[in-house]
Amino acid sequence: GRKLLKDEKGAQALVQFERARMLYHASKDLVKERRAERGLAAASRMQGQYKKALSHLFRVLEISKQMDEFTGDTDAYGAIADIYTELGDLENAGKYYDVYIAQMSEDSSVV
């Protein structure tokens, strides 16, 4: 899926990430399911399916909470903010940019 994204083949990437998500969901591998959701978000965004991309990104955040492991969530918040900006929803974009910036500050203080 990632190679297809890199090659800007969003529709094909969607198929691959959807298969991966179903497989990992069935096997209860939350780390890989979260990764597949991230891929689905990127592929959906590439296809201009912004609301679907948002739903995948929010699922990424849900899985992180389930696992109590938040690797990559900062990027998810940034992507959410960017998508809201692309949709012209500046109120939500601002809200998620604030979360993104706060997460970045938190991440840098941990290092």
Side-chain angles (χ1 to χ4, degrees):
R2 282 191 266 178
K3 181 175 179 351
L4 291 168
L5 282 177
K6 187 178 177 187
D7 293 341
E8 297 187 21
K9 296 180 180 177
Q12 291 171 328
L14 275 171
V15 172
Q16 293 302 312
F17 284 118
E18 185 62 44
R19 276 191 206 149
R21 179 181 65 171
M22 288 174 16
L23 175 71
Y24 298 133
H25 181 76
S27 68
K28 306 215 184 296
D29 186 334
L30 291 176
V31 171
K32 289 181 181 173
E33 183 182 349
R34 180 173 65 176
R35 212 174 286 152
E37 289 287 354
R38 280 193 184 106
L40 283 165
S44 295
R45 187 175 178 187
M46 185 179 285
Q47 295 295 106
Q49 299 172 353
Y50 299 115
K51 293 189 191 254
K52 279 180 110 175
L54 285 171
S55 71
H56 292 300
L57 288 165
F58 286 122
R59 179 68 182 134
V60 165
L61 299 175
E62 285 175 28
I63 293 170
S64 292
K65 285 179 188 165
Q66 278 182 279
M67 296 184 334
D68 197 30
E69 202 288 311
F70 304 96
T71 302
D73 283 6
T74 301
D75 290 335
Y77 285 117
I80 290 167
D82 290 344
I83 292 169
Y84 276 126
T85 299
E86 290 170 31
L87 289 171
D89 185 345
L90 301 183
E91 185 175 328
N92 274 317
K95 175 178 143 184
Y96 283 96
Y97 280 126
D98 288 344
V99 174
Y100 172 67
I101 291 166
Q103 288 289 126
M104 282 179 41
S105 297
E106 191 175 301
D107 290 350
S108 66
S109 68
V110 173
V111 175

> Any side-chain heavy atom of Asp82 sitting closer than 4.5 Å to one from Arg45?
Replying inline: yes
>> Please enumerate all residues that pass salt bridge (charged side-chain N to carboxylate O under 4.0 Å, His left out) together with Arg21, with sequence neighbours excluded.
In response: Glu18, Glu37
> Between the main-chain N or O of Ala41 and the side-chain N or O of Ser44, is there a donor-acceptor pair closer than 3.5 Å?
Replying inline: no
>> Within this structure, what is the OH-CZ distance for the pair Tyr24 and Arg34, rounded to the nearest 0.5 Å?
In response: 14.0 Å
> For the atom pair CD (Gln66) and CG (Leu61), what is the distance rounded to the nearest 0.5 Å?
Replying inline: 12.0 Å
> Is there a side-chain contact between Asp29 and Val31, using heavy atoms and a 4.5 Å cut-off?
Replying inline: yes
>> Would you compute the distance between atom CZ of Arg59 and atom CG of Leu54 and round it to the nearest 0.5 angstrom?
In response: 15.5 Å
> What are the two closest heavy atoms between Leu5 and Gly39, and how far apart are they?
Replying inline: CD1-O, 4.2 Å
>> Using 0.5 Å steps for rounding, measure from the CG atom of Leu30 to the CD1 atom of Ile63.
In response: 6.0 Å
> Do Ile80 and Tyr100 have side chains that get closer than 4.5 Å, going by heavy atoms?
Replying inline: no
>> Could you measure the distance from the NZ atom of Lys95 to the CG atom of Asp89? Nearest 0.5 Å is fine.
In response: 9.5 Å
>> Checking side-chain polar atoms at under 3.5 Å, does Glu69 have a donor or acceptor matched by the opposite partner on Thr71?
In response: yes
>> Enumerate the ring pair (Phe, Tyr, Trp, His ring centres under 6.0 Å) contacts for residues 31-80, please, sequence neighbours excluded, ordered by first and then second residue.
In response: Phe58-Tyr96
> Salt bridge check: are Lys28 and Glu33 linked by an N-O gap of less than 4.0 Å?
Replying inline: no
> Hey, are the side chains of Phe17 and Arg2 touching, using non-hydrogen atoms and a 4.5 Å cut-off?
Replying inline: yes
Under 3.5 Å, which donor-acceptor pairs link side chains of residues 6-16 to any protein atom two or more places apart or in another chain?
from, atom 1, to, atom 2, distance (Å)
Asp7, OD2, Lys3, NZ, 2.8

> Do Val60 and Val99 belong to the same hydrophobic cluster, where Ile, Leu, Val, Met, Phe, Trp and Tyr are linked whenever their side-chain heavy atoms lie under 4.5 Å apart, directly or via other members?
Replying inline: no
>> Looking at Glu62 and Lys65, is there a salt bridge between them, counting it only when a charged N and a carboxylate O are closer than 4.0 Å?
In response: no
